[in-house]
Amino acid sequence: MKYLIPFILVFIISCSANRIYNDSTEWTYTVKNSELDSVDSLSLSFADNYYSGIYPKVKWYFESKANESITLAFSAESAVTDNSNRIRIHPPIGAYLDFTELLPYPEVNFPIRTGDTYTSNHNVRSHNNMFGGREVNGTLSVTGKVLYKDKLLSDSCWVIEGNNIIGNYSSKYYFHDRLGFVYFYYQDDSHSIEINLESLKFIIEH
């Protein structure tokens, strides 16, 4: 049986495990779409059958609320790369989150250095109802560090900025050395999506 307990930040900082994204942790985020009044919820955990070929699988679970009642809920599974060379994670999709696939996936290569630029190319698969079939060519640039202050964390994070070279789309990701990606921001001409880390839970097998 698995138990979820609040994840203590001190424990994370002292943890010696090499991988940030593992089957013992669950991330919960708030999601704000500039076109909506509500603040939605998003969680990230490992899928029950969490190995797909050579890549682990993670599960995003999304809930959209209005007037304190759930109006939309769904989950989506995808692969994550987490090793000594790089971390790359597939963004959440479904409903208005489909837009996240029009930009380079959140990624860092190690060692992380200010000024590093990565080329990022992918094809949006057919399970993306809005943008399936599109080819995305973009870049990711490490622009430096920022002091990220939120309910859970007040610490320095790497800033990675993304662009789609054939569309007027941009993104920004904050990466913490021990917590992974704590902030995601996506923007086009008309709207933006902001995803902030709200809490962490540690999953104990019993």
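Hydrophobic side-chain contacts under 4.5 Å tie Ile166 into a cluster, directly or through other members, with Ile165.
For the pair Ser34 (side chain) and Ser192 (backbone), a donor-acceptor distance under 3.5 Å is present. Put simply, the side chain of Thr25 never gets that close to the backbone of Asn22: no donor and acceptor are under 3.5 Å apart.
Side-chain heavy atoms closer than 4.5 Å link hydrophobic residues (I, L, V, M, F, W, Y) into clusters, and following such links, even through other members, never connects Tyr61 to Phe46. Val182 and Leu147 fall into different hydrophobic clusters, where Ile, Leu, Val, Met, Phe, Trp and Tyr side chains are chained together by heavy-atom contacts under 4.5 Å. Ile93 and Leu103 fall into different hydrophobic clusters, where Ile, Leu, Val, Met, Phe, Trp and Tyr side chains are chained together by heavy-atom contacts under 4.5 Å.
Looking at heavy atoms from C-beta onward, Asp40 lies in side-chain contact with Ser38 at the 4.5 angstrom threshold. Residues Ile89 and Leu44 form a side-chain contact, since some pair of their non-hydrogen atoms from C-beta on lies under 4.5 Å apart. Counting heavy atoms from C-beta outward, Glu101 and Arg125 have side chains that stay 4.5 Å or more apart. Looking only at side-chain heavy atoms (C-beta outward), Leu42 and Leu97 come within less than 4.5 Å of each other.
The OG atom of Ser24 sits 10.0 Å away from atom CZ of Arg19, with the distance rounded to the nearest 0.5 Å. Note that NZ of Lys149 and OG of Ser154 are 5.0 Å apart. Values are rounded to the nearest 0.5 Å.
Evaluation of the side chain to side chain contact (heavy atoms under 4.5 Å, CB included) rule for Thr30 yields Val39, Asn196, Glu198 as partners, not counting sequence neighbours. Residues satisfying the ring pair (Phe, Tyr, Trp, His ring centres under 6.0 Å) criterion with Trp27, sequence neighbours excluded, are Tyr21. Looking at residues two or more places apart in sequence or on another chain, you find a ring pair (Phe, Tyr, Trp, His ring centres under 6.0 Å) between Phe99 and Tyr169, His191. For Phe74, the ring pair (Phe, Tyr, Trp, His ring centres under 6.0 Å) partners are Phe62, not counting sequence neighbours. Under the ring pair (Phe, Tyr, Trp, His ring centres under 6.0 Å) criterion, Tyr174 pairs with Tyr148, Tyr183, sequence neighbours left out. With sequence neighbours left out, the side-chain hydrogen bond (donor to acceptor under 3.5 Å, both in side chains) criterion links Asn83 to no other residue. Thr114 is linked by a side chain to side chain contact (heavy atoms under 4.5 Å, CB included) to Trp158, counting only residues two or more places apart in sequence or in another chain. With sequence neighbours excluded, the residues forming a salt bridge (charged side-chain N to carboxylate O under 4.0 Å, His left out) with Glu107 are Arg86, Arg88, listed by chain and number. By the side chain to side chain contact (heavy atoms under 4.5 Å, CB included) test, Ser190 pairs with Glu35, Asp188, sequence neighbours left out. Partners of Asp150 by salt bridge (charged side-chain N to carboxylate O under 4.0 Å, His left out), not counting sequence neighbours: none found. Evaluation of the side-chain hydrogen bond (donor to acceptor under 3.5 Å, both in side chains) rule for Ser43 yields no partner, not counting sequence neighbours.
In plain terms, the two heavy atoms of Pro92 and Ile195 that are nearest each other are CG-CD1, 4.4 Å. Shown here for Phe175 and Ile160, the closest heavy-atom pair between the two residues is CB-CD1, 3.9 Å. Nearest heavy-atom pair, His176 versus Asp155, reported as atom, atom and distance to 0.1 Å: NE2-OD2, 2.8 Å. For the pair Asp98 and Phe131, the tightest heavy-atom approach, listed with the atom from each and the gap, is O-CD1, 3.6 Å. Nearest approach of Leu102 to Val136, heavy atoms of both residues: O-CG1, 3.6 Å. Closest non-hydrogen pair, Pro111 versus Asp116, comes out as O-OD2, 3.8 Å.
By the 30° and 60° cut-offs, the orientation of the rings of Phe181 relative to Phe184 is tilted.
The environment of NZ in Lys172 is sparse: at most 12 heavy-atom neighbours from other residues, nucleotides or ligands sit within 6.0 Å.
Aromatic ring centres of Tyr105 and Tyr118 lie farther apart than the 6.0 Å criterion allows.
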